[in-house]
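Here's the structure we're looking at; comments come further down.
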Amino acid sequence: MPELPEVETIRRQLAPVVEGRTLRELRIDDARWCRPLAPAELKAAVEGRRVERLDRRGKYLVWALEGDAFLLAHLRMTGTLLIDPPPGTRYERVRWRFAGDDDGPDIAFCDPRRFGTGELALGGDALDAFFAARVGVEPLGPEFTTDAMCAAARGRRAPIKAVLLDQRRIAGVGNIYADEALFRAQIHPLRPAGTVRRPQLDALRGAIVEVLNAGIGAGGATIDDFRHADGVEGAFQNEFLVHRRRGEPCPRCGTEIVKFVAAGRGTYACEHCQRPPRGVRRHR
DNA sequence: CGCGCAACCTGTCTGC
DNA sequence: TGCAGACAGGTTGCGC
């Protein structure tokens, strides 16, 4: 679940807690987290350094440490970052401990499925190279223009939803927010991206910005595992218009919402408001 | 290069 | 009720 709004929610909660503190120990209980780096190598690179900033790029949390070392954390499907959870918290994999008079609260990464990752970039050039290879335009930044949206879709035969999920084109949109944005822009998820016209792509750009901001405003969406850094649940799941609402009436026209597979993901849409492309129709 | 899909793990829900 | 199978927020790598 952690998509851009969930990661941003976590970042805003953690930043005031960790910025300015010195990372005394990074305890890594699951070596898979930082693969292919050995835990000892990562620890040696980051321990003892002060946290200058906690940033976000796409779905990555960026721990900017003194001396231009960057720890890049990704929550994947089921990861959470919690402030000072009690010892024995289920699925704890990594723990940040800080130096200071009273040490202050720890931060812990918890993840039942163990998909989450922690990677290291040493130097600004390495950081830039890391992101250049993985993430595209920030949808809440000034470069996310209509032209940028059109460039992402132009000439592609893949479904428009696949384009939204491609992090190298638009950074931070995941399965939930893709469904919600496509519904608001009234575009069927299976429309080949290259056939969507500029006015619709502009509407889609606006819808993406709208749903991401609404998601952040609601503190993200909690479907199952996601929690704020203090353990509280997000609320955006209560504002879903179509996602995970199969069989319910479309809030715009009352037609039953259907579920199908698009871009390999469970997908929800109103096929009255979002007209299917020619030759496509199959629900389940 | 574009695209679809299996794989990575574990937990939970679904259908027989 | 029990159990095998499907499915889940994301990303990567492989095959065509």
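In what follows, chains carry the letters A, B, and so on, assigned in the order in which the sequence lines appear, proteins first and then strands, with residues in each chain numbered from 1. Hydrogens, waters and symmetry mates play no part in the numbers below; they use all other heavy atoms, side chains included.
The side chain of A:Ala158 approaches B:dC3 more closely than any other nucleotide in the set B:dG11, B:dC3, C:dA8. When the nucleotides B:dG4, C:dA8, C:dT12 are ranked by their closest atom to the side chain of A:Lys259, C:dA8 comes out on top.
Taking the six-membered ring where the residue is Trp, the centroids of A:Tyr268 and A:Phe240 are separated by 6.0 Å or more. No close placement of the A:His243 and A:Phe236 rings is indicated, their centers lying 6.0 Å or farther apart. Ring centroids of A:Phe131 and A:Tyr60 are separated by less than 6.0 Å, placing the two rings close together.
Here the shortest heavy-atom pairing between A:Arg95 and A:Asp84 reads NH1-OD1, 4.3 Å. The minimum heavy-atom distance between A:Ile28 and A:Cys34, with the atom names listed, is CD1-SG, 4.2 Å.
Look at the P atom in both C:dA6 and B:dC5: the space between them is 16 Å, to the nearest Å. Distance noted for atom P between C:dG5 and B:dA7: 15 Å (whole Å).
Taking atom CZ of residue A:Arg114 and atom C1' of nucleotide B:dA7, one finds them 14 Å apart after rounding to whole Å. If you take CZ of A:Arg156 and P of B:dC1, they are 12 Å apart, rounded to a whole angstrom. A straight line from CG of A:Asp225 to P of B:dG11 spans 10 Å, rounded to a whole angstrom. The CG atom of A:Asp224 sits 16 Å away from the P atom of B:dT10 (whole-angstrom rounding). Distance CD1 (A:Ile176) to C1' (C:dA8): 10 Å, rounded to an integer number of Å. What separates CZ of A:Arg246 from P of C:dC7 is a distance of 9 Å, to the nearest Å. Atom CZ in A:Arg134 sits about 6 Å away from atom P in C:dT12, given to the nearest Å. B:dG11 atom P lies 19 Å from atom CZ of A:Arg76, rounded to whole Å.
Between the side chains of A:Glu6 and A:Tyr177, a donor-acceptor pair is found at a separation under 3.5 Å.
The pair A:Arg227-A:Glu233 counts as a salt bridge, with a side-chain nitrogen and a carboxylate oxygen less than 4.0 angstrom apart. Between A:Arg205 and A:Asp202, at least one side-chain N (NZ, or NE/NH1/NH2) sits under 4.0 Å from a carboxylate O, which counts as a salt bridge.
Across the interface with DNA chain C, nearest-nucleotide mapping of A:Gly264 and A:Tyr60 shows A:Gly264 to be the residue nearer the 5′ end. Of the two residues contacting DNA chain B, namely A:Pro112 and A:Gly155, the nearest-nucleotide position lying further toward the 5' end is that of A:Gly155.
Looking at heavy-atom distances under 4.0 Å, A:Gly174 makes contact with sugar-phosphate atoms alone, never a base.
When the side-chain nitrogen and oxygen atoms of A:Tyr91 are compared with OP1 and OP2 of B:dG11, one or more of them lie within a distance under 4.0 Å. Between A:Arg157 and B:dG2 there is no side-chain polar atom (N or O) within less than 4.0 angstrom of OP1 or OP2. Contact annotation: A:His74 side-chain N/O to C:dT11 OP1/OP2 distance is under 4.0 Å. An OP1 or OP2 oxygen of C:dG10 is reached within less than 4.0 angstrom by no side-chain nitrogen or oxygen of A:Gln167.
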Dot-bracket for DNA chain C, 5' to 3', counting Watson-Crick or G-U wobble pairs under 3.5 Å, with [ ] for crossing pairs and | for inter-strand pairs? .|||||||.|||||||
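Taking the 5.5 Å centre cut-off and the 30° plane limit, the aromatic side chain of A:Phe115 is not classed as stacked on C:dT11.
Under 3.5 Å, the side chain of A:Arg113 and the base of C:dA8 form at least one donor-acceptor pair of N or O atoms.
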